[in-house]
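Beneath this line is the structure, given in structure tokens, with notes to follow.
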2 protein chains.
Amino acid sequence: MSEEREITIYDIAKYLNISAATVSRGLKNNPMISKTTRKKITDAAQMLGYQSNAFASNLRSRHTHTLGVIVPRLNSYFMSSALAGMENAASRYGYNLIIAQSLEDAEKEKRNVATMFNKRVDGLLISLSYNTQNINHLEPFFKRKIPVIFFDRVYPHNESTSVGINNFEAAYQVTKHLIDQGCKRIMHLGGNVLRNVYQERLDGYRKALQDHHLPFTEKLHLTGPLSEQAGEDAARHILELSPDKRPDAVFSANDTAAVYCMLALQAAGIRIPEDIAFAGFNNDPISKVIAPNLTTVEYPGDSIGHTAATYLINHLKGISDLYATNAITLRADLVIRASSLKNKHPE
Amino acid sequence: MSEEREITIYDIAKYLNISAATVSRGLKNNPMISKTTRKKITDAAQMLGYQSNAFASNLRSRHTHTLGVIVPRLNSYFMSSALAGMENAASRYGYNLIIAQSLEDAEKEKRNVATMFNKRVDGLLISLSYNTQNINHLEPFFKRKIPVIFFDRVYPHNESTSVGINNFEAAYQVTKHLIDQGCKRIMHLGGNVLRNVYQERLDGYRKALQDHHLPFTEKLHLTGPLSEQAGEDAARHILELSPDKRPDAVFSANDTAAVYCMLALQAAGIRIPEDIAFAGFNNDPISKVIAPNLTTVEYPGDSIGHTAATYLINHLKGISDLYATNAITLRADLVIRASSLKNKHPE
DNA sequence: GAAACTGACGTAACCGATTGCATTTTTTAT
DNA sequence: ATAAAAAATGCAATCGGTTACGTCAGTTTC
């Protein structure tokens, strides 16, 4: 039952009859320490079961080897992939991740940011909540020059970098693909345009329509949370339209809404892609399971997370300068599957 | 460009002409401090933009308000749900989460555990990697009486608690359900029996067979990583059997393998559930998208995570005693869907 | 052989909040 | 008004590494 006392560098120092300073240096492979004493130190540390106390170290050296991550939700495929990518990069370089979720709430996001600051994270990776209006809550970070990287849902700021894809271009390609398939009345299920990703996807969609001389119709533009429910609601909305007013294609800003819209429409006897073609966004696992398989955009969460974290760490190590880089854009390819193929023999 | 200096309690103390000790107490709402000075302190703190330094605090008070979480992979639906549940519970009580993934590698898990220990987490939540043989690497935690909770993939240990479901019972129910549907040759796709969840699911399956006087056939028991590939491999295996030797049902220990097995079989012309009934495990989102919808077991990641974290925190606060509790078992209901319904009119 | 230098290690002052104990101030009781 | 009790605040040690600076023995240089 006796509480084991903590082994410190002082214990090692006493054991070897040397100073704590030497022990500290020896453990960090400081070249000032001779090979022989260094060996003695590491051996003694091993023997005594020494475990370094990160606090004491942080308190003095003023960095924590910890990165803060704030995401809207942890449990989406994209986010958990992004986190996995970050964790891989971070652990490779000896960094840890403190993860918090805003639950799409700007207020909780503010509290998360404050906590991260108090825990003195060395850098922050953040994807903004659904209704965050501005980034004033990040000021403490900017003031203290603690680097911030936005990923996925970014915010323009000239002292921090954004990591994501070209949403405009991807949405343009999706829409163009649907147009190439002969679709003329393409519906768009979008998210809150406060978030750049949804704004840019909407813009790409509109630009493609315009370039192909198709009108943009407000009635074919639905905005919502892109949830399962939202997908089903969209289906109901479509079914309530008179058949000649119905869209002949749906481009959803995520796969979840697309898939649940498809399921509801199919239940009502609508054929996909013959009656209505479908395209989503994210390349979520469900897109490969739904019948017909869903055309979508590969949104590489793992790469985005890995890139963002690596970049942040490189900045911290002085290898690259984050302030010079405004944005990093990763490749996001269109993944064409059966849900959008109206032409049996596409050229 | 000037680095803003950090505001400390000493700055507040100097500003108000009081001692740092009083400031420290005032900020923590210590009742020993009068209401008026407390107000003055918080106001000054606000005014000066004070942010507490968690290190200094931790170093002295010896707890971090941080929980370590080690999971095999971040990007599975179950795990990300569990993490989300943990984060909700933790943030409610002012705790943070440091998250690391073992990538199913026992060695990386060991390193993760050591890091968590060095960062002095107040408690540890862990789901073991695929090939972890023992829990010797957790000894430092046990020695220092730092509480450890296992969730999902647990390990028997009489000083720590496990949170999960009754896998044996759930698997029994799944198998019984398939038998009730008239199935007689039920195949099982299982995982590594080193992990309790897979061992127990296998046991439940076997017990149900036995109770219903059905033989257990080694040929109908496949063990693997339960990945998409594993599901497709299982399908190929089934198709290679002569039709009279084929199973009339498949019970997979997760939904991913079940779904990809179904897709491959369907592509080969096999009808589900008429030719082969299917059941999975986890209630992953894909189970609701596959046609026919997959019968499965609701494995409540969110609840498991929330419960595990709450329990750990209650222990830390002295509200409950973790050492007295051996296991917490959550409800896991069978979710019957079309993939297993051979009888058109089930009673 | 004295001065200058180098390598290896020790000394001690931090980092910023916490807390047992001492001290001062205020309140209560007599 | 005064002693006693209670409340409020201050003092100073402490947590465990880190690091600027000092020391000292041994080596090099001329």
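For clarity, every value in this text was computed on a predicted model and none was experimentally measured. Letters A, B, ... mirror the listed sequences (proteins, then strands); counts begin at 1.
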For this session: Rounded off to whole Å, could you give me the CD1-to-C1' distance for the Ile9(B) and dA12(D) pair?
Result: 13 Å
For this session: For dT19(C), take OP1 and OP2 only and decide whether either is under 4.0 Å from a side-chain N or O of Lys28(B).
Result: yes
For this session: Hey, which sits more toward the 5' end of DNA chain D by its nearest nucleotide, Ser24(A) or Tyr10(B)?
Result: Tyr10(B)
For this session: Find the distance Met32(A):CE to dT18(D):P and express it as a whole number of Å.
Result: 14 Å
For this session: Answer yes or no: is there a side-chain heavy-atom contact under 4.5 Å between Leu48(A) and Tyr15(A)?
Result: yes
For this session: When you get a sec, tell me which of dT9(D), dT19(D), dA17(C) is the closest nucleotide to the side chain of Ile33(B)?
Result: dT9(D)
Seminar exercise, completed: Here the distance between atom P of dA17(C) and atom OH of Tyr50(B), to the nearest Å, is 4 Å
For this session: Report yes if at least one side-chain N or O of Thr22(B) is closer than 4.0 Å to OP1 or OP2 of dG10(D); otherwise report no.
Result: yes
For this session: Return no unless some side-chain N or O of Ser19(A) is found under 4.0 Å from OP1 or OP2 of dG10(C).
Result: yes
Exercise. Yes or no on side chain to side chain donor-acceptor pair (under 3.5 Å) for His306(B) and Ser303(B), after CA distance, side-chain angles and deciding distance?
Worked result: CA-CA 5 Å; His306(B) 195 277; Ser303(B) 306; over 6 Å; no
Problem set entry | Integer-rounded Å distance: dA17(C) P and Leu27(B) CG | 9 Å
Exercise. Is any N or O donor-acceptor pair between the side chain of Arg60(B) and the base of dG16(D) shorter than 3.5 Å?
Worked result: no
Problem set entry | Between dG10(C) (P) and Ile41(A) (CD1): distance, integer Å | 9 Å
For this session: Classify the side chain of Arg25(A) and the base of dG17(D) as holding, or not holding, a donor-acceptor pair under 3.5 Å.
Result: no
Seminar exercise, completed: Among the nucleotides dC11(D), dT18(D), dA8(D), whichever has the atom closest to the side chain of Ser34(B) is dA8(D)
Problem set entry | Under 4.0 angstrom between Thr37(A) side-chain N/O and dA8(C) OP1 or OP2 | no
Exercise. Counting N and O atoms only, with roles assigned by atom type, does the side chain of Thr64(A) sit under 3.5 Å from a partner on the main chain of Thr66(A), one being a donor and the other an acceptor?
Worked result: yes
Seminar exercise, completed: Taking for Ser52(B) and for Pro31(A) the nucleotide of DNA chain C with the nearest heavy atom, the one nearer the 5' end belongs to Pro31(A)
Exercise. Across the strands shown, which category fits Ile18(B) at heavy-atom distances under 4.0 angstrom: base, sugar-phosphate, nothing?
Worked result: sugar-phosphate
Problem set entry | Atom pair distance, as rounded to whole Å: NZ in Lys119(B) and P in dG17(D) | 15 Å
For this session: Round to a whole Å and report the spacing from CZ of Phe55(B) to P of dT18(C).
Result: 14 Å
Problem set entry | Centroid-centroid under 6.0 Å between Phe142(A) and His157(A) rings | yes
Seminar exercise, completed: Between CG of Asn17(B) and C1' of dT9(D) the distance, given in whole Å, is 13 Å
Problem set entry | Plane angle bin for Phe55(B) and Phe55(A) - parallel if under 30°, tilted between 30 and 60°, otherwise perpendicular | parallel
